[in-house]
Every structure is written in C-alpha cells, then in structure tokens.
Amino acid sequence: MTPTTPSLKDAAREQARLGRMVRIEPLAREPEVVAAVDAAYADHQGTIFAVAVVLAHDGFELLESSLVAARTQFPYIPGFLSFREAPPLLRALGGLETPFEAVLVDGQGIAHPRSVGLASHLGVLLGLPTIGCAKKRLVGNAAVPGPEKGSFSTLEVKGERVGVVLRTRTGVKPVFVSPGHLVDVDSARRVVLNWVGRFRIPEPLRAAHNLAARYSKALTPLLARNP
DNA sequence: GCGACAG
DNA sequence: ATCTTGTCGC
C-alpha cells in the first residue's frame, strides 16, 4: 500500500471540500443507541489505538466495541486532527455490527477554523449524525456558563453560533459541544447532556477512552516484540 | 512578528 | 495525547 500523507495545503483543500457537504439540522429523534470514538497513543513507532463503542441509553450498557491498531500517518497539528485520527477511527466504526443512530466524537464539530472538525469530518464520510464533545476550546468565544449542571453559553466564531460551552456536572469544568453533521447546536447539546452519567464526560466517550487506554497498555508490549 | 492552539 | 502517586475535597 502507498501511505497517504497530504501536505497541509492539500489537507486544507480537502477540509474545504468536506465542509461544503456538512449539514446542520435538528435531529429528528432522541437516540436510544449511540456510538462513540476515541484514540490512545503508544510510545512505540507512533502507534495509534482507535476504538469505537456502541452503548444503549438504557443503563448506559456497552453493547459492542471495536479496536484498530495502526501506525500514525500524520502528525498532530491543531486544526488538522482529522488527518491523524479519522482513518483508524473510521476503520474501528466499520468493525461495528450493532446499528447506532449517532456518533459522539472526542473533538470539535463545526467549531473549527474551516468549520470541519473531526466530528464533522467523520460525519460527512459516514453520512451519519455526529456530535463533537471536546474538553478544550479550539476556536470561538463564549461566556462562562452558570455553575449548575445543564447551564450553557453560546460558542461563537465571527458572529456564528457554532456550539455551546456546556456544564455537564455542577461545579465542574464545562465541555465544548458543537454539531458535527446532521444535527444542530441544540440537538448536540441535548444529546450530550442525555448521555452524561456521574462524570463530566458523557458515558459513551468515557467507555471509548477507557478501552483505548487499556488496549494501549496491554498491547504495546506485544507490538514491541512483533514490529 | 506575537500569541493561540481539539487530541 | 503522554509522562505519573499521592492527596485534598465533596
């Protein structure tokens, strides 16, 4: 196979192309089953462990998980995270057999320099609703939301409402929620809040994150023996 | 030129 | 993201 490593110029061009395909619209129904993706990195040879999980809203039960281990093909550059994580994450999602209604992503949706964060990028390629839920801000300005769980403030970029800064737990640092594809800001906010358990990060993303970390620790020694 | 900067 | 134990607080 021929490793594909686009230049930043080409990457930005690809984002512009995908950006034209992003659709922001309210989600018709509250998802009963969602997927979530996250990645962990191992020290050795730039290995990335991409994980996709499927959970049922009822009891936040983990229905299925999928793992993909690969070599990173792109460095981490703010604004271009998709070119590093989207390929393995898409493969992980492709390994799922359980049907899901939306995907929660650890990163931004349209709250991005070119309006195509990882969540939007994945959404367009999947043709499914995706929601970005990041722990930090990439772009945009927002007021500090109220201290109670559920409070939120508008995240805007050049006068555009691209997301919300949402308090998922009382007194805890808020998260940055923005629509990826086929959802709007309000739908994205509601979905994230509906999938929050007793922690700051929504359960599906926690499950994906924990699994990725576990796989990384457990498999890194094996990869060192079998390069 | 000087900061800011998802994971 | 990752390197890393205990510790302070609700």
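Please read these numbers as outputs of a predicted model, since none were measured by experiment. Proteins come first, then strands; the chains are lettered A, B, ... in the order of their sequence lines, and each starts at number 1.
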Pro179(A) pairs by side chain to side chain contact (heavy atoms under 4.5 Å, CB included) with which of Val191(A), Leu27(A), Ile24(A)?
->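 For Pro179(A), the side chain to side chain contact (heavy atoms under 4.5 Å, CB included) test succeeds with only one of Val191(A), Leu27(A), Ile24(A), which is Ile24(A).
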
When you measure from the side chain of [X] to the backbone N and O of [Y], does any donor-acceptor pair fall under 3.5 Å?
{"X": "Arg137(A)", "Y": "Phe176(A)", "result": "no"}
{"X": "Ser151(A)", "Y": "Glu148(A)", "result": "yes"}
{"X": "Thr130(A)", "Y": "Leu122(A)", "result": "no"}
{"X": "Arg169(A)", "Y": "Arg198(A)", "result": "yes"}

So [X], base contact, sugar-phosphate only, or nothing? Heavy-atom distance under 4.0 Å.
{"X": "Phe49(A)", "value": "nothing"}
{"X": "His209(A)", "value": "sugar-phosphate"}
{"X": "Ala42(A)", "value": "nothing"}

Greater than 12 external heavy atoms within 6.0 Å of Arg91(A)'s CZ |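 Atom CZ in Arg91(A) is not crowded, with 12 or fewer foreign heavy atoms closer than 6.0 Å.
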
Given Watson-Crick and G-U pairs under 3.5 Å, DNA chain B in dot-bracket ([ ] crossing, | other strand) is .......

Which residues within residues 132-143 of chain A lie with some heavy atom under 4.0 Å of an atom in DNA chain B?
->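 Contacting residues: Ala134(A), Lys135(A), Lys136(A), Arg137(A), Leu138(A).
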
If we ignore angles and hydrogens, is there a donor and acceptor under 3.5 Å between the side chains of Asn194(A) and Glu30(A)?
->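 The answer is yes; a qualifying pair exists.
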
Judged by modelled atom types alone, do Glu64(A) and Thr98(A) share a side-chain donor-acceptor pair under 3.5 Å?
->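 Judged by distance alone, the side chains do pair up.
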
If I take atom [atom1] in residue [X] and atom [atom2] in nucleotide [N], what distance separates them, rounded to the nearest angstrom?
{"X": "Ile48(A)", "N": "dA6(B)", "atom1": "CD1", "atom2": "C1'", "answer": "13 Å"}
{"X": "Phe176(A)", "N": "dC5(B)", "atom1": "CZ", "atom2": "C1'", "answer": "12 Å"}
{"X": "Phe74(A)", "N": "dA1(C)", "atom1": "CZ", "atom2": "C1'", "answer": "16 Å"}
{"X": "Leu89(A)", "N": "dA1(C)", "atom1": "CG", "atom2": "C1'", "answer": "13 Å"}
{"X": "Asp38(A)", "N": "dA6(B)", "atom1": "CG", "atom2": "C1'", "answer": "11 Å"}
{"X": "Lys217(A)", "N": "dA1(C)", "atom1": "NZ", "atom2": "P", "answer": "12 Å"}
{"X": "Leu122(A)", "N": "dA6(B)", "atom1": "CG", "atom2": "C1'", "answer": "13 Å"}
{"X": "Leu205(A)", "N": "dA1(C)", "atom1": "CG", "atom2": "P", "answer": "12 Å"}

If we require ring centres under 5.5 Å and near-parallel planes under 30°, does Tyr76(A) stack on dG7(B)?
->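 Aromatic stack with dG7(B) present for Tyr76(A).
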
DNA chain C stem ranges, 3 or more consecutive Watson-Crick or G-U pairs under 3.5 angstrom |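 Looking at DNA chain C, no stem of three or more consecutive pairs is formed.
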
Within 45° of the ring axis of Phe80(A) and under 6.0 Å from its six-membered ring centre, is that where the NZ or CZ of Arg114(A) lies?
->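 Arg114(A) over Phe80(A) ring: yes.
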
Face-on cation placement of Arg206(A) at Phe199(A) ring, 6.0 Å and 45° thresholds =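 Arg206(A) over Phe199(A) ring: yes.
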
Hey, are Arg161(A) and Asp186(A) close enough for a salt bridge, meaning a charged N less than 4.0 Å from a carboxylate O?
->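 The answer is yes: the pair qualifies as a salt bridge.
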
Indicate the ring-plane relationship of Phe74(A) and Phe83(A), choosing parallel, tilted or perpendicular according to the 30° and 60° boundaries.
->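 Phe74(A) and Phe83(A): tilted rings.
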
